[in-house]
Structures are given as C-alpha cells and as structure tokens.
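So the structure is just underneath, and the comments pick up after that.
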Amino acid sequence: MSHSDDFLRLAGAAKSRIKEIQPADLSKHTSSTTLLLDVRDKEEFDQGHLEGATHLSRGKLEMRIHEVAPDKSAPIVVYCAGGNRGALAADTLQQLGYMDVVSICGGLNAVKQAKD
C-alpha cells in the first residue's frame, strides 16, 4: 500500500515523540498485564493478528480506549500492519495520558519477517 507524503510526514512526526520497539524485543515488553493493541481495521484483524491481541481500530481509538484500557499506567504495546498507524496511535494514547506506551517498529509485517 502506498501512502501520501502528508500521511508519512504525520507518522514520522509521531515516531519522533514515541518509543518504538524492534519486533525481536516484543517479548521483553509484554507481560500478563500488557495490553497488546491491534489498531488495524477489523477486516485486517480478522485475517490474522498477534496471539492475545485486542482489536481497536485506529478510527475508534480515542472514543473507546477507556473501555479496554481504563488504567492509564498499565503497559500498552500498539501495532498495525507497517508501523505508521501504530505510531500515530501510540502518540494519541500518550496525548490522552497513557504513560507506558510503545509501538512495534514495522508493525505486524516486521514481526512476521522476524519469525521467518
């Protein structure tokens, strides 16, 4: 999928404000209290996702995050397909007051490649 220059600029700015983790480090950032948050569209999630992930599409994040993450101090690992929507979501979560948020660099695609 190709992205517009404006979208890539916006995602790049978000990445400068958040913490990204490498796919190989995912296990170091997850525990029984970590929310693994998939922000892709429902159709994408239904086609496959990381084990234990909770789905909340990027478009509904601000309206519904309190339902799946009422504790703003609990750890959250966000991902999408390629890393850009995940970065935007992580940036938004930080703006909403969530204190322990990271995004997977390269998203689900990078996680899959790291496993191969």
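We're numbering straight along the sequence, starting at 1.
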Using the rule that Ile, Leu, Val, Met, Phe, Trp and Tyr join whenever any side-chain heavy atoms are under 4.5 Å apart, tell me whether V101 and L56 fall into a single cluster.
yes
Side chain to side chain donor-acceptor pair (under 3.5 Å) evaluation trace for S73 with D71:
CA-CA 5 Å; S73 65; D71 180 359; 2.6 Å; yes
Atom pair CD/CG of E20 and D25 - distance to nearest 0.5 Å:
12.5 Å
State, yes or no, whether a side-chain contact exists between E62 and H66 at a heavy-atom distance under 4.5 Å.
no
Would you compute the distance between atom NE2 of H3 and atom CZ of R85 and round it to the nearest 0.5 angstrom?
7.0 Å
According to a 4.5 Å side-chain heavy-atom criterion applied to Ile, Leu, Val, Met, Phe, Trp and Tyr, with indirect links allowed, do Y79 and V68 form part of one hydrophobic cluster?
no
Do D5 and R9 meet the salt-bridge criterion of a basic N to acidic O distance under 4.0 Å?
no
Any D46 side-chain heavy atom under 4.5 Å of K42 side chain
yes
What I'd like to find out is whether the side chain of L26 reaches to under 4.5 Å of the side chain of L50, using heavy atoms alone.
yes
Just so I know, are the side chains of N84 and F7 near enough to count as touching, which here means a heavy-atom distance under 4.5 Å?
yes
side-chain contact (heavy atoms from CB on, under 4.5 Å) between R58 and T92, worked out:
CA-CA 10 Å; R58 172 85 183 93; T92 297; 3.5 Å; yes
Distance check, rounded to the nearest 0.5 Å: I65 atom CD1 versus I76 atom CD1?
5.0 Å
Apply side chain to side chain donor-acceptor pair (under 3.5 Å) to residues Q113 and N109 and explain how you reach the verdict.
CA-CA 6 Å; Q113 285 180 341; N109 295 337; over 6 Å; no
Under 4.0 Å between a side-chain nitrogen and a carboxylate oxygen: does that hold for K60 and E67?
no
Is the backbone N or O of A69 less than 3.5 Å from a side-chain atom of Y98, with the two atoms forming a donor-acceptor pair by type?
yes
If we ignore hydrogens and angles and just use 3.5 Å, is the side chain of H29 paired with the main-chain N or O of V102 as donor and acceptor?
no
Straight-line distance of L37 CG to L93 CG, nearest 0.5 Å:
6.5 Å
Are L35 and L96 connected into the same hydrophobic cluster when the rule is that any two of I, L, V, M, F, W, Y join if their side-chain heavy atoms are below 4.5 Å apart?
yes
Can you tell me how far apart CD (E43) and CG (D41) are? Round to the nearest 0.5 Å.
5.5 Å
Of the non-hydrogen atoms in K15 and A87, which two are nearest, and what is the gap between them?
CG-CB, 3.5 Å
Residue pair P75 / T33, side-chain heavy-atom distance below 4.5 Å:
yes
For A81 and E44, the nearest pair of non-hydrogen atoms, with its separation, is CB-OE2, 4.2 Å
V39 and V78: CA distance, side-chain angles, deciding distance, side-chain contact (heavy atoms from CB on, under 4.5 Å) verdict:
CA-CA 7 Å; V39 296; V78 181; 3.9 Å; yes
Nearest non-hydrogen partners of D38 and A53, listed with the distance
CB-CB, 4.4 Å
Look at the side chain of T34 and the backbone N and O of L36, then say whether any donor-acceptor pair between them is shorter than 3.5 Å.
no
What are the two closest non-hydrogen atoms of K72 and G97, and how far apart are they?
CB-O, 3.6 Å
What distance separates D100 CG from K19 NZ, expressed to the nearest 0.5 Å?
8.0 Å
Testing the basics here: between S103 and G86, what is the closest heavy-atom pair and its distance to 0.1 Å?
OG-C, 3.4 Å
Could you check whether the rings of F45 and H49 sit parallel, tilted or perpendicular, using 30° and 60° as the cut-offs?
parallel
